[in-house]
A.B. asks: 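Take a look at the following structure, please.
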Amino acid sequence: MTVRIGVIGAGWIGKEHIRRLTHTVTGARVTAVTDIDAVRAAEAAGPVGARVLPDGASVVVSDDVDAVLVTSWGPTHAEHVLDAVAAGKPVFCEKPLATTAEDCLRIVEAEQAHGRRLVQVGFMRRYDAGYRQMKEVIDAGRIGTPLIVHCAHRNPSVPDSYTSDMAALDTAVHEVDVLRWLLDDEIVSAQVVTPRATRHRAAHLKDPQIMLFETVKGVRIDLEVFVNCQYGYDIQCEAVGEEGLVRLPDPSSVALRGAGQRTSAVLTDWVERFRDAFDTEFREWVAGVASGAAPTGPSAWDGYAATVITSATVEALNTGAVVATDLKPRPAFYGGAA
């Protein structure tokens, strides 16, 4: 079957996903689009022959919408996801699932009351080939019991509107999710230390930041978030176990020898780095919706955990304390405790 998708939010990421669903993913068709800016909605809908609807609620209940894609402003996510669950329609929500733990739990409770998973959250790193290879190695026990994970998330630069809290809420949130998945473990505390600040930052920004996490099983994670590194978009991850280590591969790039040097390119933006992961993410989601299967990607519970952990990380940054995440016990509906 062709899955008919209604899109709520036609900003940059919404338009990118509409393009992906139209030209890259088979078995999908965008049939309805809405945005707070009607002109922007029309610009996104016109080229794919979709209808423009007045609001998210209209998209959710539309007869020609089988599944919903939420790419609107973060504080509106909870409303649209709850509407989709109430309508019994699968819903893919870009991160965050919601901006507060309370709204995330409302979604979790609504989904459990429905009795079947409908929600998937857009943490695309689980679909990256390198991370999937790391997951296979760790799950197979090839490095023994994981002990330490070293990570880095570096951007060449960010606009002046980027705040210190966004280092956790918008940037490190991807590591928070993928590390919970890689380790099959839960993060119980967060701490942030700030080294000497780069001169390339805006005056109000704490950059870089070093985030320190501990898991239920005692794994220690250090994450460098450096969003004005200048040289490129660089994602690093290395898990150290009792009997070996596994490292995330760098994106493949030709090696150039010339002028007495050997060089290879470094990517400069996240779109190029994770394009294949986004494509795989949507291929698998659409295939699941078409087959009638419950989603297997990041769940509403994963969205809740990410919001709680990144909020604790912001508190740690602002207080200098080690902050407990105080996650609620994971319901059996989502697989029980890690």
A.B. asks: Any chance you could lay out the side chain to side chain contact (heavy atoms under 4.5 Å, CB included) test for Ile5 and Val286, step after step, and finish with the verdict?
C.D. replies: CA-CA 9 Å; Ile5 298 172; Val286 167; 4.2 Å; yes
A.B. asks: Under the rule for ring-ring contact (aromatic ring centres under 6.0 Å, His included), what residues qualify as partners of Phe123, not counting sequence neighbours?
C.D. replies: none
A.B. asks: Which heavy atom in Gly11 sits nearest to a heavy atom in Asp35, and how many Å separate them?
C.D. replies: N-OD1, 3.8 Å
A.B. asks: With sequence neighbours excluded, tell me which residues meet side-chain hydrogen bond (donor to acceptor under 3.5 Å, both in side chains) with Ser58.
C.D. replies: Asp55
A.B. asks: Sequence neighbours excluded, which residues qualify as side-chain hydrogen bond (donor to acceptor under 3.5 Å, both in side chains) partners of Gln120?
C.D. replies: Tyr127
A.B. asks: Taking C-beta and beyond as the side chain, do Met166 and Val227 meet within less than 4.5 Å on heavy atoms?
C.D. replies: no
A.B. asks: Val119 and side-chain contact (heavy atoms from CB on, under 4.5 Å): which partner among Asp302, Leu82, Leu97?
C.D. replies: Leu97
A.B. asks: With sequence neighbours left out, write down each residue that passes ring-ring contact (aromatic ring centres under 6.0 Å, His included) with Tyr233, or none if nothing qualifies.
C.D. replies: His153
A.B. asks: State whether the side chain of Glu111 and the backbone N or O of Leu118 hold a donor-acceptor pair below 3.5 Å, judged by distance alone.
C.D. replies: yes
A.B. asks: Answer whether the closest heavy-atom distance between the side chains of Thr313 and Val323 falls below 4.5 Å.
C.D. replies: no
A.B. asks: So, the side chain of Gln230 versus the backbone of Asn228: is there a donor-acceptor pair under 3.5 Å, distance only?
C.D. replies: yes
A.B. asks: Can you tell me if Thr171 uses its side chain to pair, donor with acceptor, with the backbone of Ala168 under 3.5 Å?
C.D. replies: no
A.B. asks: Does His80 have any ring-ring contact (aromatic ring centres under 6.0 Å, His included) partners at least two apart in sequence or in another chain, and if so, which?
C.D. replies: none
A.B. asks: Could you note down all residue pairs passing ring-ring contact (aromatic ring centres under 6.0 Å, His included) where residues 81-106 supplies at least one of them, sequence neighbours left out?
C.D. replies: Phe92-Phe282, Phe92-Trp285
A.B. asks: Could you state whether Val158 and Phe274 fall into the same hydrophobic cluster, counting links through intermediate Ile, Leu, Val, Met, Phe, Trp or Tyr residues with side-chain heavy atoms under 4.5 angstrom apart?
C.D. replies: yes
A.B. asks: I'd like to know whether CZ of Arg116 has more than 12 heavy-atom contacts from other residues, nucleotides or ligands below 6.0 angstrom.
C.D. replies: yes
A.B. asks: Could you give all pairs that pass the salt bridge (charged side-chain N to carboxylate O under 4.0 Å, His left out) test and reach residues 92-106, with sequence neighbours left out?
C.D. replies: Asp103-Arg106
A.B. asks: Among Asp64, Thr31, Thr34, which residue satisfies the side-chain hydrogen bond (donor to acceptor under 3.5 Å, both in side chains) criterion with Arg51?
C.D. replies: Asp64
A.B. asks: Please name all residues satisfying side-chain hydrogen bond (donor to acceptor under 3.5 Å, both in side chains) with Asp83, sequence neighbours left out, ordered by chain then number.
C.D. replies: none
A.B. asks: Quick one: closest heavy-atom pair of Ile187 and Leu327, and the distance?
C.D. replies: O-CD1, 3.8 Å
A.B. asks: Can a side-chain donor-acceptor contact be found between Thr280 and Arg132 if the only test is distance below 3.5 angstrom?
C.D. replies: no
A.B. asks: Going by heavy atoms in the side chains, are Arg142 and Val246 under 4.5 Å from each other?
C.D. replies: no
A.B. asks: Taking C-beta and beyond as the side chain, do Ile8 and Thr76 meet within less than 4.5 Å on heavy atoms?
C.D. replies: no
A.B. asks: Does any N or O in the side chain of Ser299 come within less than 3.5 Å of the main-chain N or O of Arg117, such that one atom is a donor and the other an acceptor?
C.D. replies: no
A.B. asks: Does Arg19, at its CZ atom, have more than 12 non-hydrogen atoms belonging to other residues, nucleotides or ligands within less than 6.0 Å?
C.D. replies: yes
A.B. asks: If the condition is salt bridge (charged side-chain N to carboxylate O under 4.0 Å, His left out), which residues does Arg20 pass it with, not counting sequence neighbours?
C.D. replies: Glu16, Asp279
A.B. asks: To check you understand the geometry: which heavy-atom pair defines the closest contact between Ala300 and Ile107, and what is its length?
C.D. replies: CB-CG2, 4.1 Å
A.B. asks: Could you pull out the closest heavy-atom pair between Val271 and Asp269, with the gap in Å?
C.D. replies: N-OD1, 3.0 Å
A.B. asks: Kindly indicate whether the side chain of Tyr131, heavy atoms from C-beta on, has any atom under 4.5 Å from the side chain of Met124.
C.D. replies: no
A.B. asks: Can you check whether Lys206's main-chain N or O pairs, donor with acceptor, with Ser164's side chain at less than 3.5 Å?
C.D. replies: yes
A.B. asks: Closer than 4.0 angstrom, basic N to acidic O: yes or no for Asp185 and Lys217?
C.D. replies: no
A.B. asks: Do Thr24 and Phe278 come within less than 4.5 Å of each other through their side chains, counting heavy atoms only?
C.D. replies: no
A.B. asks: Does any part of the side chain of Leu256, heavy atoms only, come nearer than 4.5 Å to the side chain of Val254, both counted from C-beta?
C.D. replies: no
A.B. asks: For the backbone of Val68 and the side chain of Lys89, can you confirm whether one donor and one acceptor N or O come within less than 3.5 Å of each other?
C.D. replies: no
A.B. asks: State, yes or no, whether a side-chain contact exists between Lys15 and Val7 at a heavy-atom distance under 4.5 Å.
C.D. replies: no
A.B. asks: Check for a donor-acceptor pair, side chain of Thr99 on one end and backbone N or O of Gly74 on the other, with a separation under 3.5 Å.
C.D. replies: no
A.B. asks: Under the side-chain hydrogen bond (donor to acceptor under 3.5 Å, both in side chains) test against Arg247, which residue among His150, Gln236, Glu238 passes?
C.D. replies: Glu238
A.B. asks: May I have all residue pairs that pass salt bridge (charged side-chain N to carboxylate O under 4.0 Å, His left out) and include part of residues 144-173, sequence neighbours excluded?
C.D. replies: Arg154-Glu224, Arg154-Asp234
A.B. asks: Going through the checks in order, is the side chain to side chain contact (heavy atoms under 4.5 Å, CB included) test met by Met211 and Val176?
C.D. replies: CA-CA 10 Å; Met211 301 174 184; Val176 165; over 6 Å; no
A.B. asks: When you check the gap from the basic side-chain N to the acidic O, do Asp177 and Arg126 get nearer than 4.0 Å?
C.D. replies: yes
A.B. asks: Is it the case that atom CG in Leu147 sees more than 12 heavy atoms from other parts of the structure closer than 6.0 Å?
C.D. replies: yes
A.B. asks: With ring-ring contact (aromatic ring centres under 6.0 Å, His included) as the rule and sequence neighbours excluded, what pairs involving residues 186-226 come up?
C.D. replies: none
A.B. asks: Under the salt bridge (charged side-chain N to carboxylate O under 4.0 Å, His left out) test, which residues partner Asp128, sequence neighbours left out?
C.D. replies: Arg273
A.B. asks: Where is the tightest heavy-atom contact between Ala41 and Val33, given as atom of each residue plus distance?
C.D. replies: O-CG1, 4.0 Å
A.B. asks: Of all heavy-atom pairs between Ser264 and Ala255, which one has the smallest distance, and what is that distance?
C.D. replies: CB-CA, 4.5 Å
A.B. asks: Please check if the side chain of His77 supplies one atom and the backbone of Pro96 the other of a donor-acceptor pair under 3.5 Å.
C.D. replies: yes
